[in-house]
Amino acid sequence: MKFRVERDALADAVAWAARSLSARPTVPVLAGLLLSVEDDAISISGFDLEASTEVDVDVTGGESGQALVSGRLLADITKALPPHPVDVAVSGSRLSIACGSARFTLPTMPVEEYPKLPAMPSTAGTVDAGEFATAVAQVAVAAGRDDTLPMLTGVRLEIEGAKLTLAATDRYRLAVRELTWNPQDPSADAAQVLVPARTLADAAKSLAHSQSLTIALSSGGAGEGIIGFTGTTSGRASRTTTRLLDATFPAYRSLLPSEWSSSAEVPVGPLVEAVRRVALVADRNAPVRLEFADGAVALSAGGDDEGRAEEQLEVSYEGEAITTAFNPQFLLDGLGSLSAPTARLLFTSSNKPVVLRPAGPQDGADGMDYTYLIMPVRLPG
């Protein structure tokens, strides 16, 4: 195996492929990146038995062959190379890298022991890569982190005609986002899958600058489902797959209230800053209290023993005065996901979930239909 490639193209491709490598691989070869050269292109692949990454890069002077080397080390080396073309070659059990006056040699691992990457499933449709990345980020923030509850660690992806719906919940908040896409077969039956939230968020973010994002879904049985994403950036094709979660997502739609007794419109920036300041005196997981009344919201946290903070903001409020309290980080997560200058809070009662949505023309318009549901913390008395 032998090839020459531009330094930036190689460094970017290696860094992208190394995303799927496990920090603690179960077998040594899973710490490696597989380099496969054929004609004037190299394919760089990573796999941890759950998620796979693969990226193609154009090369010159290519001689066909394969090599498996430490992915983390290769990523560190290619990132540190000087800005010159890079020559890579394999001789026996060593891979050599030459760039300008820099020289490296790395031991290779047995290619025959490397597991075969999952095949890309059949194409389900395409979506705007940037919009999809934004939608995933808005929803994944509400996914659970407790691996003992796998149904809460995923993002539910629902496909129905030209509409995609993404949802995630950790039992204390729920995020739902709808957007349009271009299905391969508009008449296909509706589909629902559960994708690991961290893997989905990483894939969507890394492919956000693609010209278009292709989503592929397998038709495997329970526990065998695969979802894949393909994007092209600066002429470089990148592909990633991950196994779907074999778990039942909660029936979340019944949690979304259809009517409310009061509502408030609050500027996002000032509210975020006020919550951060007031929460400084709150103990770990202690709530921030919000008292809504005509024209204002009063924020407070803490008490006489640990210190107390108070602040007041002007708001547009309709309905009877209401007092509620939230985990400050959960509230900040929701506000930060709105992508709008003004937030609309919808209340049914002080102890019922509160709906957080973007206010103004962004609310349900231009394909941005986003809802963040947050459970209040029950106050004494």
Does Thr241 form a side chain to side chain contact (heavy atoms under 4.5 Å, CB included) with Met120? I'd like the steps, not just the answer. CA-CA 7 Å; Thr241 68; Met120 183 62 68; 3.8 Å; yes
Start with the C-alpha gap between Leu299 and Val297, add the side-chain angles, then the distance that decides, and say whether side chain to side chain contact (heavy atoms under 4.5 Å, CB included) holds. CA-CA 6 Å; Leu299 296 87; Val297 56; 4.2 Å; yes
Go through the steps to decide whether Asp56 and Arg239 satisfy the test salt bridge (Lys or Arg N to Asp or Glu O under 4.0 Å), and finish with yes or no. CA-CA 9 Å; Asp56 298 333; Arg239 300 172 292 280; 3.0 Å; yes
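When the ring pair (Phe, Tyr, Trp, His ring centres under 6.0 Å) test is applied to Phe330, no partner is found at least two apart in sequence or on another chain.
A chain of hydrophobic side-chain contacts below 4.5 Å, direct or via other Ile, Leu, Val, Met, Phe, Trp or Tyr residues, connects Tyr114 to Met109. Under the 4.5 Å side-chain contact rule for hydrophobic residues, Leu174 and Leu200 do not share a cluster. Linking ILVMFWY side-chain heavy atoms closer than 4.5 Å, directly or via other members, places Leu166 and Val355 in two distinct hydrophobic clusters. A single hydrophobic cluster is not seen to contain both Val14 and Leu68; linkage of ILVMFWY side chains at heavy-atom distances under 4.5 Å, directly or through other members, places them apart. Residues Val278 and Ile374 share a single hydrophobic cluster, defined by chaining ILVMFWY side chains whose heavy atoms lie under 4.5 Å apart.
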Listing, residues 97-106 side-chain donor-acceptor contacts under 3.5 Å, not counting sequence neighbours, or none:
from: Arg103; atom 1: NH1; to: Gly100; atom 2: O; distance (Å): 2.7
from: Thr105; atom 1: OG1; to: Arg94; atom 2: NH2; distance (Å): 3.4

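In terms of heavy-atom proximity, Ala23 sits nearest to Arg72 at N-NH2, 4.3 Å. Residues Leu95 and Val90 come closest through the heavy atom pair CD1-CG2, 3.9 Å. Closest heavy-atom contact between Thr240 and Ser52: OG1-O, 2.8 Å. Ala201 approaches Val136 most closely through the heavy-atom pair CA-CG1, 3.6 Å. Shown here for Ala143 and Gly154, the closest heavy-atom pair between the two residues is CB-O, 4.3 Å. Of all heavy-atom pairs between Leu117 and Gly46, the closest is CD2-O, 4.4 Å.
For the residue pair Arg357 / Tyr372, no side-chain donor-acceptor distance below 3.5 Å is found, with atom types taken as modelled. With 3.5 Å as the limit, one finds a donor-acceptor pair spanning the side chains of Glu54 and Ser43. The closest side-chain donor-acceptor pair between Ser20 and Thr53 falls under 3.5 angstrom. Checking Tyr317 against Ser263 by side-chain atom types alone, no donor-acceptor pair falls below 3.5 Å. With 3.5 Å as the limit, one finds a donor-acceptor pair spanning the side chains of Gln66 and Ser36. In this structure, a donor-acceptor pair under 3.5 Å is present between the side chains of Asp185 and Ser187.
Look at Glu158 and Arg253 and you find a salt bridge, because one of the NZ, NE, NH1 or NH2 atoms lies within 4.0 Å of a carboxylate O, short of that distance. Under the 4.0 Å criterion applied to side-chain N and carboxylate O atoms, Arg177 and Glu131 are assigned as salt-bridge partners.
Looking at Ser350 and Ile322, their side chains come closer than 4.5 Å, going by heavy atoms from C-beta outward. For the pair Glu63/Val37, no side-chain contact is recorded, criterion being any heavy-atom separation below 4.5 Å from C-beta on. Put simply, the side chain of Trp181 reaches to within 4.5 Å of the side chain of Ile215, judged on heavy atoms. Residues Val176 and Val139 fail the side-chain proximity criterion, which asks for heavy atoms closer than 4.5 Å.
Rounding to the nearest 0.5 Å gives a distance of 8.0 Å between CG of Leu33 and OG of Ser45. Atom CG of Leu194 sits about 9.5 Å away from atom CG of Leu157, to the nearest 0.5 Å. Here the straight-line distance linking atom CH2 of Trp16 with atom CD1 of Ile44 works out to 11.0 Å at 0.5 Å rounding. One finds the CZ atom of Arg173 at 11.5 Å from the CG atom of Leu373 (value rounded to the nearest 0.5 Å). Annotation: the span from Thr180 atom OG1 to Asp369 atom CG amounts to 11.5 Å, rounded to 0.5 Å. Taking CZ of Arg276 as the start and CD of Gln329 as the end, the distance is 8.5 Å to the nearest 0.5 Å.
Between Phe132 and Phe229, the ring planes are tilted. Angles from 30° to 60° get that label. Using a 30° and 60° split on the angle between ring planes, Tyr252 and Phe249 fall in the perpendicular class, above 60°.
For an aromatic pair to be called close, the ring centres must be under 6.0 Å apart, and Phe347 with Phe292 satisfies this.
No more than 12 heavy atoms of other residues, nucleotides or ligands sit less than 6.0 Å from atom CD of Glu314.
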